[in-house]
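Report on the structure given below.
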Number of protein chains: 2
Amino acid sequence: MPMSFFTEQAVTAADKTFFQLRRDIVEGVIAPGAKLSETELSTKYEVSRALIREAINRLEACHIVERKANVGARVVALTPQGMIGLYQVREALEGMAARLAAKHMTDAEIADLNALLNLHYQEVSHDESYYQEAGDVDFHYRIIVGSKNRHLIAMLSDGIYHLVRMYRVQLGMAGPRVTTAFNEHRHIVQAISNRDEELAELLMRRHILYSRNSIEHKLANPSHPLTDKRETA
Amino acid sequence: MPMSFFTEQAVTAADKTFFQLRRDIVEGVIAPGAKLSETELSTKYEVSRALIREAINRLEACHIVERKANVGARVVALTPQGMIGLYQVREALEGMAARLAAKHMTDAEIADLNALLNLHYQEVSHDESYYQEAGDVDFHYRIIVGSKNRHLIAMLSDGIYHLVRMYRVQLGMAGPRVTTAFNEHRHIVQAISNRDEELAELLMRRHILYSRNSIEHKLANPSHPLTDKRETA
DNA sequence: CCTGACTATATTGTCGACACTTTGGTTGGC
DNA sequence: GCCAACCAAAGTGTCGACAATATAGTCAGG
């Protein structure tokens, strides 16, 4: 039962360049707001400028960089309102994903999801504190895929997800212990298991809304970022 | 009070190529499922292959074409389930847009929206039958912009909209007379005017759902496509 | 006659060079 | 001393050519 997630594998050199550049931006190696000089990156990554250029084009499509014609590209700035907007989109899309998952997931997939949840429960209850970003992402990703909606899947995993991760990493909200979020996950799976589309969507939307509120609160009071109780979604 | 929509203007030659190629695909000049040979298009459009290549990359980001490495790109196929999936995404995103518009649109913007609606009403009541795709798109676009959410706006107007238009054009559902949809538009604006976020979202979602149902029905019974009463959203 | 490997061709992937635009600084005039 | 026009440097936009890969057709072997 692997993460089944980073299935996107680079076949061409342009792919590799794109993935590496995206990782370096998301991880903060290249700072938000930084200018992306094609010539400079070309020498730094030891590839032709054309590949850098294509990578930047793809990053622009993901809204990770912004480009102005004849001027250049910059990494997007991370603003609180940008984060809020991102979570509003997530609320809409993942809410719909949960609704569709309740309709279209197979019983086997739901069983797998329950198994995953039990795994997470062990980690949470034993306080092994290993329930963190990876597990949370895995959970959400399965529901997204469970929607069986190509557009939804593409938008979230190609576009939104990396931006969310960028915010998490750079605002220092990764790798937390979560207890309340886990219960919310349980209830969502329960609704999906009951094929209750309406409830599944409602609960997913709440779940993401709560996360957003938590993050907003944390941004407003950046007092004890390591002791907070919930921030993943 | 212009359409304010096709504000995206080509500054570079790559932009022009991209716009033209996209238009030719959306309008059906290039058929769904057709292969996009870079060399062939290069001679046909009289630009370098690099520009064609960049245009195809952008079209891939919009999900208008699909590309396989070392093989080539094809225009996406138009399937009923693809259309349904598209409208599910619209329902989620535009529902959220209506909710946010109820919160963030200025009174002036709402007044403008009402004026637009009155304009449409005249056209509908006089049976000048000019209330068609353009007006409908304008209405939806204003609400999307009214959400003031960058991600939402970008996703819908750069990505979803052109796909929807492609379906409309190619399945022969463009340019119809609409009466019931107009009333739905009225109610949505009323909710936004009352700053009723919940209702605005609900009504928008219903509006899009109805449209989807109408189109599904039409796809199942392609009997009198020119006399149908509603198909825009 | 069928199957499998090989070759030839066409198409995509990648690259380095040239052309154009922007930008910041400099010079000349008022 | 200030403003405008000009100039130079750096960076992006565009192009044609070369390299690598897939596809289809051919030929040899069974």
Side-chain angles (χ1 to χ4, degrees), chain A residues 7-25 29-77 154 158, chain B residues 7-25 29-77 154 158:
Chain A
T7 304
E8 55 176 9
Q9 61 181 8
V11 34
T12 177
D15 293 339
K16 285 182 203 131
T17 307
F18 168 57
F19 290 147
Q20 188 172 356
L21 194 52
R22 183 179 63 185
R23 218 186 63 207
D24 285 349
I25 291 176
V29 177
I30 301 177
K35 182 161 195 323
L36 294 178
S37 165
E38 295 181 0
T39 55
E40 182 184 336
L41 293 175
S42 173
T43 63
K44 183 177 173 183
Y45 288 88
E46 294 179 328
V47 293
S48 109
R49 196 166 72 87
L51 295 191
I52 295 290
R53 197 175 163 73
E54 180 172 339
I56 290 180
N57 278 334
R58 290 206 225 174
L59 288 170
E60 189 188 13
C62 303
H63 304 123
I64 290 179
V65 313
E66 288 171 340
R67 137 173 296 169
K68 268 192 279 191
N70 289 314
V71 174
R74 306 192 82 88
V75 179
V76 295
D158 293 348
Chain B
T7 304
E8 55 177 10
Q9 62 182 7
V11 33
T12 177
D15 293 339
K16 284 182 204 131
T17 307
F18 168 56
F19 291 148
Q20 188 172 357
L21 194 52
R22 183 179 64 186
R23 217 186 65 206
D24 285 349
I25 291 176
V29 177
I30 301 176
K35 182 162 194 322
L36 296 178
S37 163
E38 295 182 0
T39 55
E40 183 183 337
L41 293 175
S42 172
T43 64
K44 182 177 175 183
Y45 289 88
E46 293 178 330
V47 293
S48 110
R49 197 166 71 88
L51 295 191
I52 295 290
R53 199 175 162 72
E54 179 172 339
I56 290 180
N57 278 334
R58 289 206 225 173
L59 287 170
E60 189 189 13
C62 303
H63 304 123
I64 290 181
V65 313
E66 287 171 339
R67 140 172 293 170
K68 268 192 280 189
N70 289 315
V71 173
R74 307 192 81 89
V75 178
V76 293
D158 293 349

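A, B, ... follow the sequence lines: proteins, then strands. Residue 1 opens every chain.
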**Q.** Over all atoms of both residues, closest heavy-atom pair of B/I56 and B/V65
**A.** O-CG2, 3.8 Å
Q. Would one find a side-chain N or O of A/T12 under 4.0 angstrom from OP1 or OP2 of C/dT14?
A. yes
**Q.** Range on DNA chain D touched by chain A - first to last nucleotide, heavy-atom distance under 4.0 Å
**A.** D/dG11 to D/dT14
Q. For A/K16 and C/dG13, is the shortest distance between a side-chain N/O and OP1 or OP2 below 4.0 Å?
A. no
Q) the helix from C/dC1-D/dG30 to C/dC30-D/dG1: angle between its terminal axes, five pairs each, to 10°? A) 0°
**Q.** Side-chain touch A/T39/A/I52, heavy atoms, less than 4.5 angstrom
**A.** no
Q.
So does A/V47 get a backbone contact from the side chain of A/S42, meaning a donor-acceptor N/O pair under 3.5 Å?
A. yes
Q: Please list residues of residues 42-54 of chain A whose heavy atoms come under 4.0 Å from any atom in DNA chain D, ordered by number; otherwise none.
A: A/R49, A/R53
Q.
Is it the case that atom CZ in B/R67 sees more than 12 heavy atoms from other parts of the structure closer than 6.0 Å?
A. yes
Q | Distance in angstrom units between A/N70 CG and C/dC20 P, rounded | A | 12 Å
Q.
Taking A/T12's backbone N and O only, do any of them form a donor-acceptor pair with A/D15's side chain (distance below 3.5 Å, no angle check)?
A. yes
Q. For B/L36, which contact category applies under a 4.0 Å heavy-atom criterion: base, sugar-phosphate, or nothing?
A. sugar-phosphate
Q: Decide yes or no on side-chain contact (heavy atoms from CB on, under 4.5 Å) for B/E8 and B/F19, but give the supporting numbers first.
A: CA-CA 9 Å; B/E8 55 177 10; B/F19 291 148; 3.9 Å; yes
Q) Side chains of B/R22 and B/F18: does their closest heavy-atom pair fall under 4.5 Å? A) yes
Q: Quick one: closest heavy-atom pair of B/G33 and B/R74, and the distance?
A: O-NE, 3.1 Å
